[in-house]
Amino acid sequence: MIPFSPPHIDNKIVEEVVAALRSGWITTGPRTKAFEKQIAAFCGVQNVLCVNSASSGLELMLHWFGIGPGDEVIVPAYTYTATAEVVIHCGAKPVMVDVHPDFLIDVGKVRAAITPRTKAIIPVDIAGYPCDYDELNALVNEASVRSQFTPANEVQRMLGRPLLMSDAAHSLGAWYKGQRTGALADVTVFSFHAVKNLTTAEGGAICLKLPAPFDTELLYKQLCTYSLHGQSKDALAKTQIGNWRYDVLDAGYKCNMTDVAAAMGIVELERYDSEILPRRREIFEQYADAFHDDPRFQIPEFATPDKTTSYHVFALRLAHATEPERDAAMQRIFEQEVAVNVHFIPLPMLSAYKKRGYNIQDYPVTYDNYAREISLPVYYDLTDEQVQQVVAAVKKAV
Ligand SMILES: *Cc1c(COP(=O)(O)O)cnc(C)c1O
């Protein structure tokens with residue numbers, strides 16, 4: 001069986017994790033801080049906070065911005081549930097909009113969905129391909145959007161417009177007009193979940209790039225506290241002699257990254273540009289070569305002069321197929337010992353969202369993308385021979 005996305009765990013990772021375990025410090029400490037600095041340098045931003053998942057990072061930032069009941073947050077209908085569930089956890093309403101055929105949020109639809117209650121927009125870099133960030137940044141800064149924004153607290157007043165928070169769970173290392181994801185929105189959140197391009201088993205990172213007058217260094221320090229019970233000193237600071245007394249500044253959250261997890265991330269990031277991304281790119285190119293001139297298939301857009309993907313998911317589509325035909329093709333691919341997947345079942349098709357009144361008929365492009373999509377295996381250890389096996393299995397099945 002060719003698996004879909006096994007993690008790449010080698011001796012280097014095992015040794016670094018063991019070193020963390022033996023170091024005497026296993027939770028948030030020197031390795032987490034080093035990993036944060038490395039991500040910041042990689043993405044070209046000043047400040048990065050590591051957390052225990054992308055979901056908790058997204059939710060932490062919605063809470064920081066003071067989003068709550070009565071507020072609306074615009075999200076694409078085509079994404080993983082995490083993007084919208086964090087909005088529900090805040091007591092606010094996810095307002096879903098349709099996407100383009102490239103799977104990315106339709107900025108025109110975002111504009112049409114903005115109301116005086118809109119507090120944030122969460123575009124998602126599906127499959128690792130960056131959204132149209134110039135258009136999104138221009139939109140949140142439009143005079144009419146700023147003038148209808150109704151701030152409810154000090155941070156909202158400071159920003160003076162909806163927060164643009166990128167769900168970049170897939171797109172670490174992707175490029176948009178010469179900049180990396182992380183540096184393209186006010187806040188960008190990466191995921192290091194086991195199936196993502198770079199993994200710490202579970203984990204995430206929040207990149208801060210808020211405009212003046214925000215001081216992202218100060219905000220980083222506040223978020224360190226906010227992600228650790230609101231306690232004024234972390235456990236490491238308290239181990240310093242005589243430094244036991246602490247205060248709790250607010251009812252915080254508990255979503256800090258451990259040094260055991262960061263140990264994996266440090267090794268992974270060191271070789272991400274030199275080894276991981278180039279191998280994933282080769283696999284993408286082999287699939288593109290194999291499928292681009294076969295009229296039964298539609299290959300995804302993954303590189304233009306403005307954008308380069310992080311090569312997270314190769315979202316192949318059948319050129320002409322209904323949802324049941326796609327499902328049948330997938331079954332035949334599985335029968336040939338190849339694991340494939342669908343990214344994603346649109347939110348309005350899932351029980352949690354259907355019962356909240358969302359209807360897939362309102363999102364025709366999302367449905368069309370989904371109904372014909374088959375995600376192919378892409379991972380560092382997938383060999384060229386296995387890529388050809390996948391291609392053969394898919395062609396035969398279809
Ligand atoms: C994986 C994923 C997340 C959540 O990441 P976690 O680290 O598991 O919380 C969020 N959004 C998208 C689009 C994802 O694929």
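One-based numbering, in listed order, for ligands and for the atoms of each.
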If you measure from the Lys or Arg side-chain nitrogens to the Asp or Glu carboxylate oxygens, is any gap between [X] and [Y] under 4.0 Å?
| X | Y | answer |
| --- | --- | --- |
| R31 | E16 | yes |
| E285 | R281 | yes |
| R317 | D368 | no |
| D71 | K93 | no |

*Which atom pair, heavy atoms only, marks the closest approach of S310 to L277?*
O-CD2, 3.4 Å
Could you check ligand 1 for N or O atoms lying under 3.5 Å from protein N or O atoms and list the pairs with distances?
{"from": "ligand 1", "atom 1": "5 (O)", "to": "S191", "atom 2": "OG", "distance (Å)": "3.2"}
{"from": "ligand 1", "atom 1": "7 (O)", "to": "A54", "atom 2": "N", "distance (Å)": "2.9"}
{"from": "ligand 1", "atom 1": "7 (O)", "to": "S191", "atom 2": "OG", "distance (Å)": "2.7"}
{"from": "ligand 1", "atom 1": "9 (O)", "to": "A54", "atom 2": "N", "distance (Å)": "3.3"}
{"from": "ligand 1", "atom 1": "9 (O)", "to": "S55", "atom 2": "N", "distance (Å)": "2.8"}
{"from": "ligand 1", "atom 1": "9 (O)", "to": "S55", "atom 2": "OG", "distance (Å)": "2.5"}
{"from": "ligand 1", "atom 1": "11 (N)", "to": "D167", "atom 2": "OD1", "distance (Å)": "3.2"}
{"from": "ligand 1", "atom 1": "11 (N)", "to": "D167", "atom 2": "OD2", "distance (Å)": "2.7"}
{"from": "ligand 1", "atom 1": "15 (O)", "to": "H170", "atom 2": "NE2", "distance (Å)": "2.6"}
{"from": "ligand 1", "atom 1": "15 (O)", "to": "K196", "atom 2": "NZ", "distance (Å)": "3.3"}

*Assess the pair F344 and H170: is the distance between their ring centroids shorter than 6.0 Å?*
yes
